[in-house]
Amino acid sequence: MTIRVLLADDQALLRGTFRLLIDSTPDMEVVAEAATGRQAVELARSHRVDLVLMDIRMPDLDGLAATKLISDDEDLAGVKILVLTTFENDEYVAEALRAGASGFLGKGINPDELLSAIRVVAAGDALLSPTATKSLIARFLAQPAPLARDIPPGLATLTPREREAVTLVAAGLSNDEMAQRLYVTPLTAKTHVNRAMAKLGARDRAQLVVIAYQTGLARP
């Protein structure tokens with residue numbers, strides 16, 4: 001299958017560079033470009049894209065607000081958002097994940113890393129750059145313990161295996177790495193993760209990471 005990508009960045013030169021790179025790859029293509037956050041939301045709806053490569057700082061509507069609008073739209077439930085930005089601070093990382101982004105990368109990555117990130121996020125996995133991960137963990141360390149009302153009701157229904165799976169996802173392990181750690185098949189590992197996501201109301205693995213730290217299932 002070909003991954004249909006929407007580029008959202010206010011710099012035409014960057015969009016052109018990303019388009020050349022992505023269109024040169026047989027398993028993905030750029031189907032639309034947006035110069036503002038509002039255009040990104042409209043084009044995501046009209047082109048039925050698989051993934052939005054989203055910049056944060058854009059005119060009219062910034063990337064974080066656009067990400068939330070796309071994530072909250074039930075008709076766009078299958079659209080994944082990969083935030084690509086120059087600003088990898090903890091506030092942006094946390095806000096991007098809360099808004100519904102499935103990945104967060106700095107613009108300093110190399111072309112192969114970007115293409116790999118698109119494939120990972122399009123497949124439904126979470127992806128954070130090392131800098132973003134450190135920022136996210138630092139932010140959770142600074143937060144007080146969660147209040148009882150903030151803890152998902154499904155937390156108590158997780159099986160021991162599902163709890164293990166959640167902590168391993170929060171540690172950044174892939175399904176194959178989890179399978180080796182748990183002595184199960186990758187498919188079984190993925191099943192544990194999917195069941196945990198369903199019980200905790202997580203829309204994807206990125207949100208599962210957030211829930212894991214917020215509830216104390218995972219600790220830095």
Side-chain angles (χ1 to χ4, degrees), residues 1 3-4 27 44 48-52 54 67-83 93-105 116-130 132-133 136-137 139-141 143 145-220:
M1 292 180 61
I3 303 170
R4 294 167 56 82
D27 62 336
R48 312 303 298 178
V49 301
D50 299 311
L51 180 141
V52 181
M54 184 81 77
T67 294
K68 182 165 178 54
L69 286 175
I70 292 172
S71 299
D72 289 347
D73 190 331
E74 293 183 359
D75 292 335
L76 300 177
V79 178
K80 305 297 182 183
I81 299 173
L82 174 58
V83 173
V93 174
E95 285 189 28
L97 293 179
R98 279 198 298 265
S102 295
F104 194 104
L105 290 176
S116 175
I118 290 173
R119 294 187 183 101
V120 168
V121 173
D125 289 333
L127 187 143
L128 295 172
S129 68
T133 301
L136 187 64
I137 289 174
R139 187 171 183 81
F140 282 120
L141 279 173
Q143 290 179 343
L147 299 175
R149 67 171 182 272
D150 297 325
I151 297 177
L155 185 66
T157 68
L158 293 179
T159 66
R161 270 301 198 204
E162 289 164 357
R163 283 176 173 263
E164 282 184 284
V166 172
T167 59
L168 294 177
V169 168
L173 272 65
S174 66
N175 288 334
D176 289 343
E177 292 168 334
M178 290 171 56
Q180 293 177 1
R181 187 76 65 88
L182 299 175
Y183 300 102
V184 297
T185 67
L187 180 59
T188 299
K190 184 176 182 180
T191 299
H192 289 318
V193 173
N194 288 343
R195 287 176 177 168
M197 285 170 55
K199 290 180 179 179
L200 296 175
R203 59 180 162 263
D204 58 23
R205 290 170 77 115
Q207 192 177 30
L208 191 62
V209 172
V210 174
I211 293 173
Y213 281 110
Q214 285 179 332
T215 59
L217 276 177
R219 299 185 183 280

key: Verdict with supporting geometry, Leu155 and Ile211, side-chain contact (heavy atoms from CB on, under 4.5 Å)   = CA-CA 10 Å; Leu155 185 66; Ile211 293 173; 5.8 Å; no
Which residues pass the side chain to side chain contact (heavy atoms under 4.5 Å, CB included) test with [X], sequence neighbours left out?
X	result
Arg119	Ile3, Thr25, Asp27, Met28, Leu115
Lys68	Asp72, Ala99
Arg195	Glu162, Thr191
Leu168	Leu173, Met178, Arg181, Leu182

For the residue pair [X] and [Y], what are the closest heavy atoms and their distance?
X	Y	result
Ala218	Ala170	CB-CB, 3.5 Å
Val193	Ala165	CG2-CB, 4.1 Å
Val166	Ala196	CG2-CB, 3.6 Å
Ala101	Val83	CB-CG2, 3.8 Å
Thr67	Ala96	CG2-O, 4.4 Å

Any chance you could measure [X], atom [atom1], to [Y], atom [atom2], to the nearest 0.5 Å?
X	Y	atom1	atom2	value
Leu158	Thr215	CG	OG1	8.5 Å
Asp50	Ile118	CG	CD1	11.0 Å
Leu82	Met54	CG	CE	10.0 Å

message = Out of the candidates Ile70, Asp75, Leu69, only one should pair with Asp73 under the side chain to side chain contact (heavy atoms under 4.5 Å, CB included) rule; please name it.
response = Asp75
request  = Output all residues satisfying side chain to side chain donor-acceptor pair (under 3.5 Å) with Thr157, sequence neighbours left out; order by chain, then residue number.
outcome  = none
request  = Take Val184 and Arg161 through the side-chain contact (heavy atoms from CB on, under 4.5 Å) test and state the conclusion after the steps.
outcome  = CA-CA 11 Å; Val184 297; Arg161 270 301 198 204; 4.2 Å; yes
Pairing residues for Arg48 by the salt bridge (charged side-chain N to carboxylate O under 4.0 Å, His left out) criterion, not counting sequence neighbours = none
ask   = Do Val169 and His192 pass the side-chain contact (heavy atoms from CB on, under 4.5 Å) test, and can you show the C-alpha distance, the side-chain angles, and the key distance before you say yes or no?
value = CA-CA 11 Å; Val169 168; His192 289 318; over 6 Å; no
